[in-house]
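Read through the structure below, which is laid out as structure tokens, and then see the notes.
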Amino acid sequence: MGGAGMKAVKAGAKYSAVALAAALLVSARPAPPPIEWPVYGRTNAALRFAPIDQIDKANVGSLGLAWYQQLDTDRGQESTPIMVGGVLYVSTAWSKVFAFDARTGKRLWGFDPEVPPATLPKGCCDAINRGVSVANGRVYVGTLDGRLIALDATTGRKLWSVVTVDQSKPYTITGATMTVGRLVLIGNAGAEYGVRGYLSAYDGATGRLVWRFYTVPNPDGKPDGQPSDKPLRELAEPGWFGDVWRKAGGGGTVWDSMAYDAETGILYFGVGNGGPYDWHIRSQGKGDNLFLSSIVAVKAATGEYLWHYQTTPEDSWDFTATQQITLLDADFKGRPRKLLLQAPKNGFFYILDRITGELLSAEPYAKVNWANGVDMKTGRPNIVPGAHYQEKPFLQSPSGLGAHSWHPMAYSPQTRLMYIPTQVMSQLYARSTDFTYRPGHMNVAIDTRTLAVPDDPALLAQMKASIYGELIAWDPFEHKIRWRVKHPSMLNGGVLATAGGLVFQGDAEGHLNAYDASTGERLWSYRTVNGIVAPPISYALDGRQYVAVMVGYGGPTAMYGTIVPYRPRLPGRLMVFALGGKTKAKPYDIPAPVPVNVAGVSSAGDPVRGLAAYNDTCLVCHGFSATGRYTADLRRSETIKDADIFRGVVLDGAFEQKGMVSFAQYVSPERAEDIRAYLLQEARKLVDRGDPDAKTAPR
Ligand SMILES: O=C(O)c1cc(C(=O)O)c2c(n1)C(=O)C(=O)c1cc(C(=O)O)[nH]c1-2
Ligand SMILES: [Ca+2]
């Protein structure tokens, strides 16, 4: 018997009869052996299933906080903690890395790669990082500004660092690294801005580049001297047209998922959307634009191409196939097969034969109106007329945020269900009539003005009600949702399934929840106050099962201010739970909402031009219609009251230390004044409405 059961009994006795009964159940169970969470998806097949059952349906009610650590950043925390050798390794916003004793929470070391704040405007989605990999005594992290760094796992000392991107271009890195044998793999991001995507494999001991797989053709028409040359020449190049993609780089960033099958030596990775979005602008409305929105299989050792499956040919919608790739050996139609499962943004759930790439199943797991199913003979979606939004705007489901984004899903072999965190949201896609490629800017080539938050309270209420999140229990073999839980907001946490018959997920409102994996009944909930987007993990040490999660809301939700509940930006935390845990987290210091005060303030700028400039430059962080959350609410900012002060912030970088760097290379002084005029207009709308936002406090 390990100590865990006994500890739980003692703790339970202090609390309630229910907790005591639950803890007694625990003590009847053999203590779990040590079980690690050694890689991003727990195994390289990425089921995110923890084979530990100490915490189960009967006793989860007595789960409590064992320890926590407050982080030094209040931006989005997306990382999956890695637990090996009794140490928890996490990355945080700004690509920092920390090591903690997994039992006690004692901090062992920290590493700050000192990412320049000026990197922030190069990225779409906050200063996030999804995690490290740990192998051969080293910890590997990709940094927002495009470096790959190896640290000594014992001391956190830097061993080597290489630049993996052209830092003069708008590349960023948000994805977790992955190690396969002696190789460390890292992708990059930036398809919204204009880059060419690729995946790199480095020698983990030295940092030497071993191979690189580019996902779209070289705009110069030259070979790269890499294993992607041949498939790009033979398969991809004939399907790209015109010049716009050459300037913009084409997109196809590998910003999230990878999976590895050690038995076959095959590496799988997901490729992102096209840049710019509109296929008619990007490629003259012709060609499939390989390998955009594709799952690609290569030999891990060499990067040699094996097969690909393109989920969204003719991508015009930011439909990435970078979402989690899960490898599963299971019976499919009565025959044991090696399967690959993915729920990409486009709303279809795909099952492929992972050896041959053959498409076995493609069924919608969410509302899909851009395609009438997938043709199983050709593997192509039947794209509906009008979905390309050329004649008129198209109200599309799913939205560009995806029915499912990077937030990890989990599969339980016990229930044979896939638990997927989804978004219920449609998006009005409208053609941009005046697109010209501008280096370093957002280069999406859609009209973002159609995405404005409505002023009319009734329309706004309608919009809010139509956008939310769900956790669905998807039966991949019967194509049915077995249960669903509705969340008030979209973009909730990633998912963990455990052998205790439980599914854990955090939500945007800041609860960590445990559900019955069979029914979806909520059995336990812990209020963190901050929001959660990261996935929980579970491990066992000294006979005690732990559940760990990074807490801290952020990511692209900043764009959707008014349509998600008000959350002030709060410092992130790593929180670790166990049965009978009784640590009390210190209450957050929650700042009061700032009232709007623009009486008597005027501007010589033009608010209409200001809106266009704002959407180009400010929108991604400060939100549609300036309603953004998690960054300064510009309608309440003192800076908009004075032209000189506003210019000082926008053009001279007065708030650089907060991450608001100078935008002088993107915005002229005249345009800055137009933006100020637009912000004053939006602030006055708040005043006219009686500032309802300011009354909303965190629940
Ligand atoms: O095309 C890209 O390069 C790219 C990168 C990223 C990223 O690096 O996080 C996201 C996206 N696209 C994207 O489309 C998207 O919806 C998204 C959501 C998030 C997030 O962290 O929540 N990142 C990204
Ligand atoms: Ca994207």
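All ligand and atom numbering here is 1-based and tracks the order in the structure. The first residue of the sequence shown is numbered 1, and numbering continues consecutively from there.
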Is it true that [X] and [Y] have ring centroids separated by less than 6.0 Å?
| X | Y | value |
| --- | --- | --- |
| Tyr389 | Tyr429 | yes |
| Phe319 | Trp370 | yes |
| Tyr140 | Tyr202 | no |

[X]: numbered ligand 1 atoms lying under 4.0 Å from its heavy atoms:
| X | answer |
| --- | --- |
| Asp318 | 14 (O) |
| Thr253 | 1 (O), 2 (C), 3 (O) |
| Ala189 | 3 (O), 5 (C), 8 (O) |
| Gly190 | 2 (C), 3 (O) |
| Ile128 | 9 (O), 21 (O) |
| Glu192 | 1 (O), 2 (C), 4 (C), 12 (N), 14 (O) |
| Arg130 | 7 (C), 9 (O), 19 (C), 20 (C), 21 (O), 23 (N) |

Is there an N/O/S atom in Thr322 that lies less than 3.0 Å from the Ca ion (ligand 2)?
no
Between the side chains of [X] and [Y], does any donor sit under 3.5 Å from an acceptor?
| X | Y | value |
| --- | --- | --- |
| His487 | Glu470 | no |
| Gln396 | Ser399 | no |
| Tyr614 | Asp616 | no |

Test your reading of the model: is there a side-chain donor-acceptor pair from [X] to the backbone of [Y], 3.5 Å cut-off?
| X | Y | answer |
| --- | --- | --- |
| Gln342 | Gln323 | yes |
| Asn188 | Thr174 | no |
| His404 | His407 | yes |
| Arg282 | Asn289 | no |
| Ser489 | Ala508 | no |

Among protein heavy atoms, which sits nearest to atom 7 (C) of ligand 1, and what does the distance come to when rounded to 0.1 Å?
Thr174 OG1, 3.4 Å
Any idea which protein heavy atom is nearest atom 4 (C) of ligand 1, and the distance to it?
Trp255 NE1, 3.3 Å
In Asp318, the N/O/S atom nearest the Ca ion (ligand 2) carries the name OD1
Atom name in Glu192, limited to N/O/S, at shortest distance from the Ca ion (ligand 2):
OE2
Parallel, tilted or perpendicular, as decided by the 30° and 60° cut-offs, for the rings of Tyr305 and Phe213:
parallel
Answer yes or no: does an N/O atom from [X] fall short of 3.5 Å to an N/O atom of ligand 1?
| X | answer |
| --- | --- |
| Gly555 | no |
| His407 | no |
| Ser405 | no |
| Thr320 | no |
| Lys345 | yes |
| Glu78 | yes |

Quick one: look at Leu491 and ligand 1, take heavy-atom pairs under 4.0 Å, and tell me if it's side chain, backbone, both or neither.
neither
Nearest neighbour of atom 18 (C) of ligand 1 from the list Gly76, Pro556, Gly402, Gly251, on a heavy-atom basis
Pro556
